[in-house]
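I have placed the structure first, in the form of structure tokens, so that the comments after it can refer back to it.
Hydrogens, waters and symmetry mates play no part in the numbers below; they use all other heavy atoms, side chains included. Both ligands and their constituent atoms are indexed starting at 1 by order of listing. Residues: numbered from 1 along the sequence shown.
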Amino acid sequence: MAKRKNQIESYAESGQAQRVGIFGASGCGKTTKARELIKGLNRVIFFEPLADDVRRLQKDGYSVICTFPELCRQIRLKFSRGFKLVYFPAVGNEEQQLSDISNWLMNIQSGFGFSHAAHITLVVDELDLSFPTGASLKNPKNGFKNLCCRGRHTGIHIVGLSQRMHLIDNVFRANCSAVYLFRHSEPADIDVGLKILGREYRQTFAGLDNFQYVYKSGNKIFVHR
Ligand SMILES: Nc1ncnc2c1ncn2[C@@H]1O[C@H](COP(=O)(O)OP(=O)(O)OP(=O)(O)O)[C@@H](O)[C@H]1O
Ligand SMILES: [Mg+2]
């Protein structure tokens, strides 16, 4: 039987890279959903600031990398056969590290579409640490901003996760091709969620339990309970 393609693989066939946002309160199931989405992909970098989740990813077969030069070395070494790397950033310097990684990925993928067709997926957990509100205004050359806006044609998929939609730079949200909205508790975040979904989803959104979500992609909206 043919292997069922996951959402990112199917989207890749359309030629455009996928940008997925996964948002929701603590413990609602975001990281688990991201791990499910990337299952079976063979070039993945998981930017993970939480040690507990780094350990979970190791169980999924990910190798832990703690420095940018080592990340570059591993990707070059393993590019043709694939890689599953979890990057554990230094505390307090997440923004710069994500920007550097994004710039470097854009560079190595600049030949995508003519000299090679290899997709890469970058997953960023706790996005409010590495791409907080105002990051793109503070530094217009922020590499992750560039990746969100212009990386679509370089075969780099992005999956971004945060507890607080309100606290991440809206350049990411504005470029999402799909979002998973789990249970939220903060009024400011609920407000952002309703702007994405429409006010008619107020009751559905407010009634979500842990592990339940509303998925939106284009005009398609789906409630998972
Ligand atoms: N669909 C599910 N059904 C049952 N248990 C789940 C499901 N999704 C996640 N869990 C469990 O719930 C716990 C929290 O999940 P997870 O770490 O994915 O949440 P999170 O939203 O990423 O949390 P945080 O905001 O703290 O990072 C984990 O122990 C996980 O195994
Ligand atoms: Mg998590």
Side-chain angles (χ1 to χ4, degrees), residues 4-8 18-41 44-66 84-95 97-98 101-102 121-133 135 144 148 157-170 172-173 176 178-194 196-197 201 204-217 221-225:
R4 194 168 158 240
K5 290 197 178 99
N6 78 17
Q7 190 200 356
I8 291 179
Q18 171 86 292
R19 274 101 187 71
V20 183
I22 306 178
F23 306 118
S26 178
C28 66
K30 301 180 296 296
T31 305
T32 305
K33 172 54 78 181
R35 286 165 67 210
E36 178 192 305
L37 284 179
I38 58 177
K39 215 175 257 174
L41 299 179
V44 185
I45 302 141
F46 206 119
F47 188 97
E48 179 53 77
L50 300 180
D52 273 356
D53 285 329
V54 168
R55 280 190 284 274
R56 284 161 79 191
L57 287 158
Q58 278 183 294
K59 289 184 189 145
D60 292 348
Y62 280 71
S63 308
V64 187
I65 310 282
C66 298
K84 286 164 80 171
L85 305 171
V86 51
Y87 185 82
F88 185 47
V91 175
N93 196 26
E94 294 87 352
E95 201 174 323
Q97 291 170 93
L98 180 62
I101 291 170
S102 303
T121 303
L122 172 65
V123 186
V124 186
D125 208 346
E126 311 294 330
L127 198 51
D128 46 295
L129 288 176
S130 50
F131 198 48
T133 307
F144 188 69
C148 291
H157 307 282
I158 308 173
V159 181
L161 290 70
S162 179
Q163 290 179 3
R164 303 291 321 272
M165 277 190 281
H166 183 60
L167 299 183
I168 63 168
D169 198 292
N170 63 10
F172 176 72
R173 272 191 283 112
C176 278
V179 287
Y180 290 85
L181 299 177
F182 283 81
R183 173 182 69 78
H184 281 74
S185 45
E186 291 293 325
D189 297 317
I190 293 172
D191 228 48
V192 178
L194 290 176
I196 295 171
L197 296 174
Y201 280 86
T204 310
F205 191 37
L208 293 176
D209 220 329
N210 274 347
F211 321 137
Q212 299 181 340
Y213 55 82
V214 183
Y215 169 80
K216 181 173 187 210
S217 174
I221 296 187
F222 164 81
V223 182
H224 175 85
R225 288 188 199 277

So, leaving waters aside, the tally of protein N/O/S atoms less than 2.8 Å from the Mg ion (ligand 2) stands at 1
May I ask you to check whether Y180 and Y215 place their ring centres under 6.0 Å from each other?
yes
What about the rings of F23 and H184, do their centers lie closer together than 6.0 Å?
no
In terms of side-chain geometry, is the basic nitrogen of E36 or K39 positioned less than 4.0 Å from the acidic oxygen of its partner?
no
Under 4.0 Å between a Lys/Arg side-chain N and an Asp/Glu carboxylate O for R164 and D128?
no
With no hydrogens and no angle check, just 3.5 Å: does a side-chain donor-acceptor pair link Y87 and Q97?
yes
N170 side chain to T133 side chain, donor-acceptor N/O pair below 3.5 angstrom:
no
Find out whether [X] and [Y] are in side-chain contact, i.e. whether some heavy atom of one side chain is under 4.5 Å from a heavy atom of the other.
{"X": "S162", "Y": "E126", "result": "no"}
{"X": "L197", "Y": "L181", "result": "yes"}
{"X": "H157", "Y": "V44", "result": "no"}

Listing by chain and number, which residues have a heavy atom under 4.0 Å from ligand 1?
A25, S26, G27, C28, G29, K30, T31, T32, R56, E126, Q163, F211
